Protein chains: 2
Amino acid sequence: MSTAIENFVKAIYKNGKRDNNDTKPGNIAKELGISNAAATDMAKKLSAKDLLHYKKYQELKLTDKGTKMALNVVRKHRLWEALLFKLFDLSLHDIHKEAELLEHQTSDLLANKISAYLGHPKFDPHGDPIPNEHGEITTIDTSIALSQAEEGKTYIISRLMSDDKEFFEFCALNELKYSNTVFVSKQFSNNKMTQILVKNNTILLNQDFSSIIYVNENN
Amino acid sequence: MSTAIENFVKAIYKNGKRDNNDTKPGNIAKELGISNAAATDMAKKLSAKDLLHYKKYQELKLTDKGTKMALNVVRKHRLWEALLFKLFDLSLHDIHKEAELLEHQTSDLLANKISAYLGHPKFDPHGDPIPNEHGEITTIDTSIALSQAEEGKTYIISRLMSDDKEFFEFCALNELKYSNTVFVSKQFSNNKMTQILVKNNTILLNQDFSSIIYVNENN
DNA sequence: ATTAATATTTAAGCTTGCTTAAATATTTTA
DNA sequence: TAAAATATTTAAGCAAGCTTAAATATTAAT
C-alpha cells in the first residue's frame, strides 16, 4: 500500500482518537494538506479496498483492516521516534519529521528489530503508546489533559500530544518533557482560566497548550 | 526529487563504475526493472532537469548536478547499511533491501547525524566507500578483483561488490567478509581457470563471484 | 556489404494522486 | 424555518511513471 494510503488511514485513526473527533473528508483533507475533493476521492477508493466504510456526507470509519494498517504505521512512526531520540541529538520536531517519512519505508522485520533493540518500549519520546507487532496497545491510559488538572497538586507529564513545531520549541525552552514533574496552580484573569506550572521557572500556559499536555497524578 | 529520479541517476552512476560500463537506456532499464521505453522517457525528462546529457542512441552521461545527486543517494544508502549492520542482527541482503528504501527518505541532516554517530566511517559493511557530505570520495582504491589475484599470495577482502542475495548467502556460508584474509591458489580444469581460497575451509569460486570480490595485498 | 538480430525511440494509453470549478447537500444563524 | 454559510461531491483535467506495440536505428553475423 502506498504512502498516500497509509497517511490517509493514519489521519483517520488519529482524528478518531482526538477530542474534537471529526473524520469527515474535509477534516482529513486539512490534516493531510490536500483538497476536499481529493479526500472524498481517496475515501471511495479505500472503501473499495475494505479499509474504511464510506457513506456520502457521513464520517469515515476505519474497518478492522484499516485500523490494523493505521496501527502498523503508527507503530513504525513511534519506533523510529524512539530510536532516533536515543541515538541522535535532534529536536523532537526534527525527529517527528524524519519518522513521518521513514515510517512508510520500513518492513515489519525492521520494525521488530528496532523494537527489540530498544527493549520493546511501550512509549515513544512524546509518551505516545507504541502498538505491538499485532497492532495492539496494551497500556492503560490514566492520564488527563493538564487543562483538567487540579489546583495545588503535583503531576508527572505523561504525554505531549502534538506535532506542532512551536509547541515543541516552547516545551524544550521550558523543560516540559516526558516524565518531568509539574506543580499546578490556576490563575484567573477576566474570568478566563490560565494556568501556571512551577518547575524551575514559572511557566504560563494557554488553553491550547494545556489541552495537549497530558499528565498523571504523582503518587 | 522523486525516488524514481534518484534511482535512475544512481543506476547510471553505478553502471559507469562497473567494468562492462554501458549506460544506454536499455541497460539502465534492466537494472531498474522497467521497460526500455520508460528509461528513454525518463532520460529525456532528466536531461531537461540538467541531471544528465541525452543524445539519441548514445550512452547517458550524468552532469555534475546528476553526479552530485547520485553520490548523495549512495552516501545515504551506505550510511544506512553501516548503521543497520551495527545495530541489528540482519543479513547483508536484508540490510541492503532496507537501505534501498530508506535512502530516499533521509534528510541531509539525518545522514550527517548517522555519519557522526558511526564516527564518520569511510566504508560500509561491503567495503564500499561512503561519500562525505559534499559528495566526495577521498579514499584511494588499491584493491583488485579476486579474479586478478596472484597464485600463492594472501589477500584481505576489501569489498563485496554486489547486491545479489545468493552471492551474500554464499559469502555468509563461507565466511567471506570484509577484512577477512584469504589465500589464493589457482586451479585449472579443461584449460579454464577456477580458483580456490583457503580460509577455514577450501572454497571453490566461479568466475562470476571472483570478479565481484575485491581484495588488497596483505602487507 | 547485406541481412538478420537487437536496441532504441515514438506513440498511445493506463493508474495514482492530486488540482480547480461547479453542483449539490448539510449545517448554522438569524 | 428560511436564508446564508459551509462542506461535500461530481466532473474534468493534469503530471509522474509506468505499460505495450509499432517504427526506426544500430550492431552483429554471415
Side-chain angles (χ1 to χ4, degrees), chain A residues 1-13 15-16 18-62 65-66 69-70 73 100-101 103-105, chain B residues 1-13 15-16 18-62 65-66 69-70 73 100-101 103-105:
Chain A
M1 295 289 179
S2 68
T3 296
I5 292 176
E6 289 187 346
N7 279 334
F8 201 86
V9 297
K10 190 179 74 167
I12 296 170
Y13 175 81
N15 237 299
R18 264 197 279 279
D19 281 350
N20 68 335
N21 104 56
D22 171 359
T23 60
K24 295 214 193 100
N27 218 24
I28 305 301
K30 191 159 57 177
E31 191 115 338
L32 296 173
I34 61 178
S35 69
N36 287 6
T40 299
D41 216 56
M42 183 62 98
K44 286 182 188 170
K45 282 180 194 162
L46 298 197
S47 176
K49 284 187 197 292
D50 192 34
L51 290 168
L52 53 81
H53 298 295
Y54 172 71
K55 283 212 309 215
K56 275 190 186 182
Y57 305 106
Q58 312 263 106
E59 301 225 332
L60 305 176
K61 307 271 186 204
L62 291 178
K65 189 177 163 193
M69 177 183 283
V73 178
E100 204 73 2
L101 298 176
E103 64 187 14
H104 306 292
Q105 308 298 149
Chain B
M1 295 289 177
S2 69
T3 296
I5 292 176
E6 289 187 346
N7 279 333
F8 201 87
V9 297
K10 190 179 74 167
I12 296 170
Y13 174 81
N15 236 300
R18 264 196 279 280
D19 281 350
N20 68 336
N21 105 57
D22 171 1
T23 59
K24 294 215 194 101
N27 217 25
I28 305 301
K30 191 157 58 175
E31 191 116 338
L32 296 173
I34 61 178
S35 68
N36 287 6
T40 299
D41 217 58
M42 184 60 99
K44 285 182 190 170
K45 282 179 193 161
L46 299 197
S47 175
K49 285 187 197 291
D50 193 33
L51 290 167
L52 54 81
H53 297 295
Y54 172 70
K55 283 212 312 216
K56 275 190 186 183
Y57 305 105
Q58 311 263 104
E59 301 225 333
L60 305 175
K61 308 270 187 206
L62 291 178
K65 189 177 164 193
M69 176 183 284
V73 178
E100 204 73 3
L101 298 175
E103 64 187 13
H104 306 292
Q105 307 301 328

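Only a predicted model underlies this, so the values are computations on that prediction, with no experimental measurement involved. Each chain gets a letter, A, B and so on, in the order its sequence line appears, and its residues count up from 1.
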*Scan A/Lys45 against the nucleic acid and name what it touches under 4.0 Å (heavy atoms): base, sugar-phosphate only, or nothing.*
base
*asked:* Can you tell me if B/Asn36 touches the phosphate of C/dA7, counting only side-chain N or O atoms and a distance under 4.0 Å to OP1 or OP2?
replied: no
*Please report, rounded to the nearest Å, how far the P atom of C/dT6 is from the NZ atom of B/Lys24.*
15 Å
*asked:* Does C/dG17 have its OP1 or OP2 closer than 4.0 Å to a side-chain nitrogen or oxygen of A/Ser2?
replied: yes
*Once you round it to whole Å, what is the distance between C1' of C/dC18 and CD1 of A/Ile5?*
14 Å
_Check this for me: A/Lys65, atom NZ, are more than 12 non-hydrogen atoms of other residues, nucleotides or ligands nearer than 6.0 Å?_
yes
_Please confirm whether the shortest side-chain N or O distance from B/Lys56 to OP1 or OP2 of C/dT10 is below 4.0 Å._
yes
*asked:* Please report the distance, rounded to the nearest Å, between NZ in B/Lys55 and P in C/dT9.
replied: 13 Å
*asked:* Rounding to an integer number of Å, can you tell me how far B/Asn27 CG sits from D/dT26 C1'?
replied: 16 Å
_Does A/Tyr54 reach a base, just sugar-phosphate, or nothing at all? Heavy atoms under 4.0 Å._
sugar-phosphate
*Is the backbone N or O of A/Ile12 less than 3.5 Å from a side-chain atom of A/Thr23, with the two atoms forming a donor-acceptor pair by type?*
no
*asked:* If you assign each of B/Gln58 and A/Thr3 to its closest nucleotide in DNA chain C, which residue comes earlier from the 5' end?
replied: B/Gln58
*Would you indicate, yes or no, if D/dT19 has its OP1 or OP2 atom less than 4.0 angstrom from a side-chain nitrogen or oxygen of B/Ser35?*
yes
_So if I take every side-chain heavy atom of B/Tyr57 and compare against D/dC18, C/dA11, C/dT8, which nucleotide ends up nearest?_
C/dT8
*Work out which heavy atom in B/Asn27 is nearest to a heavy atom in B/Asn15; give both atom names and the distance.*
ND2-OD1, 3.5 Å
*Describe the nucleic acid contact of B/Ala38 in one word from base, sugar-phosphate, nothing, applying a heavy-atom distance below 4.0 Å.*
base
*Using a heavy-atom cut-off of under 4.0 Å over every strand shown, decide if A/Ala39 touches base, sugar-phosphate, or nothing.*
nothing
*Can you see which heavy atom on A/Met42 is nearest to which on A/Ala4, and at what distance?*
CE-CB, 3.8 Å
